[in-house]
Amino acid sequence: MKTIVLYSTRTGNTKKVAEAIAEALPAGTPCLSVKEAPADIDRCDCVFLGFWVDRGTADKDSQDMLKKLKNKHVAIFATLGADPKSEHAAKSLDNGAAFLPKGVHVAGTFICQGAVDPKLIEMMYKQFPAGHPHGKSPERDALHAEAAKHPDAADLENAKAFAADVMKKLAAE
Ligand SMILES: Cc1cc2nc3c(=O)[nH]c(=O)nc-3n(C[C@H](O)[C@H](O)[C@H](O)COP(=O)(O)O)c2cc1C
């Protein structure tokens, strides 16, 4: 099965997850930025596509890539600042997957937390008043402090297990 890992990243979190996923795939599986996607991407049986969550959906570069994928199977992974078990996380994955052309099989999804750029946090705290969901509060500080620890070793192990599980399921088809 010809497989490739593609990712988009701004601050490196999604790249770390992409590299862990590639480690769990057959040796030699390419792991590239979406901007370096090969011209013959259509020949891959399965694409692992990773995005960073940008305002509740896939970042723009990933959107552009997702729209072009005509492969039989696409497994989607992502990183975000919020709780990966939240409805926002599930919705963000769904919103990203919705950019795929009709008929493309989503072979699996994975999401984990990723440190939020401190410059963005500062900007949000300046822009939004206290009490606003994005404004400074003890809860918001705690969320960012937790996100700052991710992706951690456990996230990377979970990402590898996700990749191995997708491959096992596809091999059994
Ligand atoms: C412009 C911008 C928008 C973001 N929007 C969201 C969001 O809607 N929800 C969320 O949980 N995290 C959001 N984040 C946080 C990132 O998704 C998170 O930090 C991610 O791990 C960054 O990945 P990267 O290091 O691969 O760029 C946003 C970050 C930026 C810079």
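In each ligand, atom 1 is the first atom listed, and ligand 1 is the first ligand listed. What you see is a predicted model; the values in this text were computed from it and never measured. Numbers here are sequence positions counted from 1.
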(message) Quick check on the hydrophobic clustering: are L69 and W52 connected, directly or via other members, by side-chain heavy-atom contacts under 4.5 Å?
(response) no
(message) Can you pull out every ring pair (Phe, Tyr, Trp, His ring centres under 6.0 Å) where at least one residue sits in residues 81-120? Sequence neighbours excluded, please.
(response)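 Sorted pair list: H73-H105, F110-F162.
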(message) Is a donor from one side chain sitting under 3.5 angstrom from an acceptor on the other, for T29 and T3?
(response)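 The criterion, which ignores hydrogens and geometry beyond distance, is not satisfied for T3 and T29.
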(request) Decide whether D61 and Y7 meet the rule of one side-chain donor and one side-chain acceptor closer than 3.5 Å. (result) no
(message) Check this for me: does any side-chain nitrogen of one of E173 and K169 sit under 4.0 Å from a carboxylate oxygen of the other?
(response)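 Here E173 does not pair with K169 in a salt bridge, since their nearest N and O are not under 4.0 Å apart.
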(request) Output yes when a side-chain donor or acceptor of D45 lies under 3.5 Å from a complementary backbone atom of M1, and no otherwise. (result)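 Side chain of D45 to backbone of M1, a donor-acceptor pair under 3.5 Å: no, none is there.
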(request) Using heavy atoms and a cut-off under 4.0 Å, could you grab the residues that are in contact with ligand 1, chain by chain, numbers ascending? (result)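 The 4.0 Å shell around ligand 1 contains T9, R10, T11, G12, N13, T14, W52, V53, D54, R55, G56, T79, L80, G81, A82, H88, G114, A115, V116, L120.
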